[in-house]
Engineer: 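Once you've had a glance at the structure underneath, I'll fire off some questions.
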Amino acid sequence: MSISAPERTSENALQNPNPQFEGPQDSVVELKREMTWKDAFWFSSGVPALVLFSIGSIGATVGNVSWLVWTISIFMGFLQSFTYAEIAGLFPNKSGGASVYGAMGWIKYSKLIAPLSVWSNWLAWSPTLALGTSLASGYVLNSFFPNSAITNWQLTLLDLGFIKHDLTLRINAIFLLSAVLLLMIFAIQHRGALAAARLQKVLAIFALAPLVIVGLVPLFMHGITLKNLFPLHPLSGSWDMAGVTIMMGGMFLAAWSSYAFETAICYTSEFKDPRKDTYKSIFTSGLLCIGMFILVPLSFQNAIGLKGLLDPGLVSGSGVGSIMAKMVGGGIVIYSVIVLMLIFSLVLAIMTSMAGSSRTLYQASVDGWLPKYLSHVNHHGAPTRAMWTDLIFNLVLLTMSDYTFILALSNVNYMIFNFLNLNAGWIHRVDRPNWTRPFKVPTALLVINVVLGFVNIIFLGMGADIWGAGTLWSGIIAAMFIIPVFLYRHYVTDKGKFPGRMLEDMDIMYNTQEKRAGIWPYVAIIAAVVLILFVHNIAVYQ
C-alpha cells in the first residue's frame, strides 16, 4: 500500500534518529533523540513554582475570588493542552514548543501571523529567567541580609517614566546575585537536555516539597475556614463592571503560570519515540499542575484570609517564605529550610524556562523566522547561541524596577500566542486531514478550545490594563517587533525562500498548498481584534 503525500512527511521524520539542519556556516547541527516523556516531565516540573510569581499580586487585586481564579485557570489550561498535544504530534522533527507547531498551520494564510505566534511565545516565556532569579535573590537577601547596606544599595541608570510611572533601569544587589544564578543555570543547560533533565529530577524532589507541604499541612492542621474563602466577591465588593474587570485581570495574569506546562512539548525532536512521548509528557505535566495550582492558592487563602492576601510581603514576593513558615507552625529553623526549598523551586522554574525558550528561538531560526545565527547547537546538543540570547535579554530585564509590569507585558504576548495556537488546531485539521496523528483530540473538545481562545481574548482585552495603564498596547507593540526581524531574515538573508526542511513541513514539496480553510482564519483574526477593542472599551478600571 502506498503512503499518501502528507503521511510520507511524518513517516520520513520518524525514521531520522537525529533531526539535522543546515547551520549558519553550512555545517550540520543536530538535536539528539535521547529523551523520553519522563525526562520532559521533570523538565516541566518547574512550572508549579510559577504560582509563587503572582499569587500575591492576584490575591491583592481580586480578593476572595483568588482561589477560584487559579482553579478555573488551571482547568482551562488542561483542556487547551489537548489541542497542543495533537498539533505537536504532526511535526516529530520540530522542537521549540506549541507555538512552532501552530505557526505551521498559519503559514499558508500569512507569512507575518505565523512568526508572530513563535515570537509572542518566546516573549512570554523568556522573562521567567529574570522574574525567577530576582525572586530567588530577594529571598536570599531579605532572609539572610535584612536591612543591610548590601540589600538596599542601588544605582539608577535610566528613568523610563514615559512608559510607566516610576519605572527605571537600575543595578542593585538583586541584579548582581540574579546574574550569578543565570550563569550557573546556563552552565547546567550547556551540557544538553538529557543531563539537565536528570539534574532537574533531583532538584524537583526538594523544589516541589515546600509547595506540597504548604498545600497539605495547614489544611490537615486547621481544616477549612469558610470565612476566608467566601463570599465570592471581588475586591471592589460587587459584581458590577468594575468587579468583572478585576476578575478578568486575575484570570489574565493567572494564565501565564497555569497554562505554562505546555512547555513539556518543547522537546519533540529530542524524544526517542515522539509518537508516544509527546502527548504523555504534556498530560502528566498537566496533572501535576492541576494538583499544585488548586492546592497551593486554596491553602494560602484558607490560612491567611483576605487580610493576609493584602500583605505587602506576599504581594512583592519577599515575604512568601515567612508566611509559609507561619502556615505550618514553624520557627526560625523551619523558616530557613522553607526559604532554601523555595529557592530550589525557583531555580527549577528558571531551568524549565531556559530550556523551553531557547529551543523556541532555535527552531524559529531553523524555520526561517529569526536570525540565522540562532540555529546552532553545541556537541552536547544544546542550542547555546539561543541560550546566550536569552541570558543577555534577561540581564536587561533584570535592570527594570517593576517586575509585575514585566510579567503582565509578557502575558499579553502569551495570550496572543494562545489564541493563534488554539485556532491552529482546527486549521491543521482542515488543511491536513490525512496526516498521521499519534494523538487526536475529539472534535467537540477541539471546538471548545477554540471558544476558550476567544475567552482568553476577553481576559486580554479587559484584564491587561489592571496591571498598569498602557499594558495592553505596550505588549502588542512588543509583539510587532517580529515584523522587521522576520522581513530581514526572509527577504534579505534568505532571498525570499524558506529553508528546505521548512518547505517540506509547509507541504510545498507535495503540492498541497491549497487553503482549505478559506477565509475563516482571517475571520478569526478580525473577530479577535474587534473583541479586544470592545471589551477594553467597556472595562472599568478603578
Side-chain angles (χ1 to χ4, degrees), residues 6 10 37 40-41 44 47 68-92 94 97-106 117 121 251-252 254-266 268 274-294 414-460 516-518 520-521 523-525 527-528 531:
S10 296
W37 67 268
F41 170 83
S44 60
V47 171
L68 183 62
V69 164
W70 286 106
T71 300
I72 295 173
S73 187
I74 187 58
F75 276 115
M76 285 182 62
F78 190 66
L79 290 178
Q80 291 165 179
S81 70
F82 284 78
T83 293
Y84 295 162
E86 176 175 319
I87 64 176
L90 295 173
F91 303 100
K94 283 188 178 295
S99 62
V100 172
Y101 319 126
M104 298 309 301
W106 285 98
S117 175
N121 187 214
M251 294 300 302
F252 165 78
W256 182 84
S257 302
S258 57
Y259 297 178
F261 63 90
E262 45 86 9
T263 188
I265 55 174
C266 278
T268 304
R275 286 185 181 276
K276 297 179 180 179
D277 290 332
T278 300
Y279 67 84
K280 285 183 179 179
S281 65
I282 193 170
F283 294 152
T284 53
S285 299
L287 291 174
L288 171 67
C289 288
I290 285 176
M292 292 294 98
F293 279 98
I294 292 177
Y414 193 70
M415 290 305 204
I416 293 172
F417 142 76
N418 170 275
F419 174 80
L420 293 175
N421 253 50
L422 292 179
N423 278 276
W426 68 264
I427 294 174
H428 275 304
R429 188 74 70 85
V430 172
D431 278 344
R432 298 170 172 84
N434 299 319
W435 274 49
T436 302
R437 284 172 168 79
F439 173 81
K440 189 173 183 179
V441 184
T443 302
L445 182 53
L446 193 70
V447 173
I448 290 173
N449 284 338
V450 173
V451 174
L452 291 181
F454 282 96
V455 171
N456 285 316
I457 287 296
I458 295 175
F459 297 161
L460 171 61
R516 298 182 181 180
W520 292 108
V523 171
I525 294 291
L531 188 57

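Treat the numbers as computed from the prediction; the structure is a model and nothing was measured.
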Engineer: First locate atom CH2 of Trp435, then atom CZ of Phe91, and finally report the distance between them rounded to the nearest 0.5 Å.
Structural biologist: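 So the CH2 of Trp435 and the CZ of Phe91 are separated by 4.5 Å.
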Engineer: For this output row, return yes or no: ring centroids of Phe78 and Phe75 closer than 6.0 angstrom.
Structural biologist: no
Engineer: Using side-chain heavy atoms (C-beta onward) and a distance below 4.5 Å, is Ile265 in contact with Tyr101?
Structural biologist: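 Result yes, sub-4.5 Å side-chain heavy-atom pair found.
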Engineer: Just how far is it from atom CD of Gln80 to atom CD1 of Ile282, taken to the nearest 0.5 Å?
Structural biologist: 10.5 Å
Engineer: Holding to salt bridge (charged side-chain N to carboxylate O under 4.0 Å, His left out), I want the full list of residues that pass it with Glu262, two or more places apart in sequence or in another chain.
Structural biologist: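 Here no residue qualifies.
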Engineer: Phe283 and Phe82: aromatic ring centres closer than 6.0 Å?
Structural biologist: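 Here the rings of Phe82 and Phe283 have centres that are less than 6.0 Å from each other.
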Engineer: Does some side-chain heavy atom of Leu90 sit less than 4.5 Å from a side-chain heavy atom of Met104?
Structural biologist: no
Engineer: Could you point out which residue of Ile290, Leu287, Thr284, Ile74 forms a side chain to side chain contact (heavy atoms under 4.5 Å, CB included) with Phe261?
Structural biologist: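 It is Ile74, the one option of Ile290, Leu287, Thr284, Ile74 that forms the side chain to side chain contact (heavy atoms under 4.5 Å, CB included) with Phe261.
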Engineer: Is any side-chain heavy atom of Tyr259 closer than 4.5 Å to a side-chain heavy atom of Asn456?
Structural biologist: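 They are in contact (side-chain heavy atoms under 4.5 Å apart), so the answer is yes.
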Engineer: Give the minimum heavy-atom separation between Thr83 and Gly425, together with the two atoms involved.
Structural biologist: CG2-CA, 3.8 Å
Engineer: If you look at every heavy atom in Ala85 and Tyr279, which pair is closest and at what distance?
Structural biologist: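 Ala85 and Tyr279 have their closest heavy atoms at CB-CB, 4.1 Å.
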Engineer: Show the nearest heavy-atom pair for residues Thr278 and Ser281, with the distance to one decimal.
Structural biologist: O-OG, 2.7 Å
Engineer: What I'd like to find out is whether the side chain of Ile294 reaches to under 4.5 Å of the side chain of Trp70, using heavy atoms alone.
Structural biologist: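 A side-chain contact is absent here, since even the closest heavy-atom pair is not under 4.5 Å.
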Engineer: Atom CD1 of Ile458 and atom CE of Met415: how far apart are they, to the nearest 0.5 Å?
Structural biologist: 11.0 Å
Engineer: Would you indicate whether the side-chain heavy atoms of Ile457 and Asn418 approach each other to under 4.5 Å?
Structural biologist: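 Heavy-atom side-chain distance check fails, nothing below 4.5 Å.
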Engineer: Out of Arg437, Lys440, His428, which residue meets the side-chain hydrogen bond (donor to acceptor under 3.5 Å, both in side chains) rule with Glu86?
Structural biologist: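 Going through Arg437, Lys440, His428 one by one, the side-chain hydrogen bond (donor to acceptor under 3.5 Å, both in side chains) with Glu86 is satisfied by Arg437 alone.
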Engineer: Identify the heavy atoms of Pro92 and Pro274 that sit nearest to each other, and give their distance.
Structural biologist: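 Nearest heavy atoms, Pro92 then Pro274: CB-CG, 3.7 Å.
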Engineer: Testing the basics here: between Ala527 and Phe454, what is the closest heavy-atom pair and its distance to 0.1 Å?
Structural biologist: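 Scanning both residues, the minimum pair turns out to be CB-CE2, 3.9 Å.
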Engineer: CE of Met251 to CG of Leu460: how many Å apart, nearest 0.5 Å?
Structural biologist: 13.5 Å
Engineer: Using the ring of each side chain (for Trp, its six-membered ring), is Trp37 parallel, tilted or perpendicular to Phe41, with breaks at 30° and 60°?
Structural biologist: perpendicular
Engineer: For residues Arg429 and Thr443, determine if any side-chain heavy atom of one lies less than 4.5 Å from a side-chain heavy atom of the other.
Structural biologist: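 With C-beta onward as the side chain, the pair touches.
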Engineer: Find out whether Ile427 and Trp106 are in side-chain contact, i.e. whether some heavy atom of one side chain is under 4.5 Å from a heavy atom of the other.
Structural biologist: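 Yes, close enough: below the 4.5 Å cut-off.
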Engineer: Considering all heavy atoms of both residues, which atom of Gly453 and which atom of Phe419 are nearest to each other, and what is their separation?
Structural biologist: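 Closest approach of Gly453 to Phe419: O-CD1, 3.6 Å.
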Engineer: Hey, what do you get for CD1 (Ile87) to NZ (Lys94), rounding to the nearest 0.5 Å?
Structural biologist: 12.0 Å
Engineer: Leu422 versus Tyr84: any side-chain heavy-atom pair under 4.5 Å?
Structural biologist: yes
Engineer: Working to the nearest 0.5 Å, report the span between OG of Ser73 and CZ of Phe293.
Structural biologist: 8.0 Å
Engineer: For the residue pair Asn421 and Ser117, confirm or rule out a side-chain donor-acceptor distance under 3.5 Å.
Structural biologist: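 Yes, side-chain donor-acceptor contact under 3.5 Å.
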